[in-house]
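Residue indices begin at 1 and follow the sequence shown. One-based numbering, in listed order, for ligands and for the atoms of each.
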Amino acid sequence: MRSKSGFTLLEILVAMAVFGIVIGAVYSAYYTQQRSYEVQKEISFMEQNLRAAILLMEREIRMAGCDPTEQAGAGITTAGATTMAFTMDIRGDTAGSDPDGDTTDTGEAVTYTLSDIDGDGDTDLVRNNVMLAENIDALNFVYLDEDGTVTSTASEVRSVQISIVARAGNPDREYVNSDSYTNQQGDTILSAQNDHFRRRLLTAEVRCRNMGLE
Ligand SMILES: [Ca+2]
Ligand SMILES: [Ca+2]
């Protein structure tokens, strides 16, 4: 016969141990889920950031050299690996007016480059000295002529391959990134960093349909 006076010390210890194990398991499951949620949030923010930036670049670069009056002398002015500059005549002196034969109106001269514009130590994708996307580790342009051959002669450019490597804002201590990233030509644009940041590479090829029109 067992005593009716209550639990023995042993029973209480066993119950506490079981309770502790259950709480530990619940916490561990919660922590794992929370962590994967944070990682997903970082990645989707990084991808949205990158996609929005590359969409704007595609749209603008497609207009490079736009010169409906043939008076503006619009074209690509810098065809560099990490900097691209170009002009286009897309409006007149006032908002909504027609192209007027110059490339001096708002938004008619554009430069894309990589620089730490906000000075926080991480490079950013910059359009005309304004940040377009932050935490960009690599920006690379490859220029192709009408035969699809790589060229560095601005006037011969007919299409542009853009490659961008974006990095998550926060490191993930349980992850090591040992990937290197290449452009569409297979050239390395970011070597393996072996750090704790997740990254995404996005590439696009834009046909500059206004280039090479006589
Ligand atoms: Ca103009
Ligand atoms: Ca920065």
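The closest donor-acceptor contact from the side chain of N49 to the backbone of A53 lies at 3.5 Å or more, if one exists at all.
Note on the Ca ion (ligand 1): protein N, O or S atoms under 3.0 Å away count 8, no waters included.
A salt bridge links R199 to D137: at least one charged side-chain nitrogen sits closer than 4.0 Å to a carboxylate oxygen. A salt bridge links R198 with D172: the closest approach of a Lys/Arg side-chain nitrogen to an acidic carboxylate oxygen falls below 4.0 angstrom. The residues R35 and E38 are annotated as not salt-bridged, no charged nitrogen and carboxylate oxygen being separated by less than 4.0 angstrom.
Within D118, the N, O or S atom lying nearest to the Ca ion (ligand 2) carries the name OD1. The minimum distance between the Ca ion (ligand 2) and any N, O or S atom of D122 involves atom O. Minimum-distance N/O/S atom of D116 relative to the Ca ion (ligand 2): OD1.
The two residues S191 and Q193 make their nearest non-hydrogen contact at O-NE2, 2.9 Å.
Each of D187, N183, T188 was compared with N140 under the side-chain hydrogen bond (donor to acceptor under 3.5 Å, both in side chains) criterion, and only N183 meets it.
For CD of Q34, the number of neighbouring non-hydrogen atoms (other residues, nucleotides, ligands) closer than 6.0 Å is greater than 12.
The OD1 atom of D120 and the OD2 atom of D124 meet at the Ca ion (ligand 2) at an angle of about 170°, given to 10°.
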Apply salt bridge (charged side-chain N to carboxylate O under 4.0 Å, His left out) to the pair D147 and R158, showing each step before the final yes or no.
CA-CA 9 Å; D147 303 320; R158 297 296 176 268; over 6 Å; no
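Distances from the Ca ion (ligand 2) show that E134 has no N/O/S atom below 3.0 Å.
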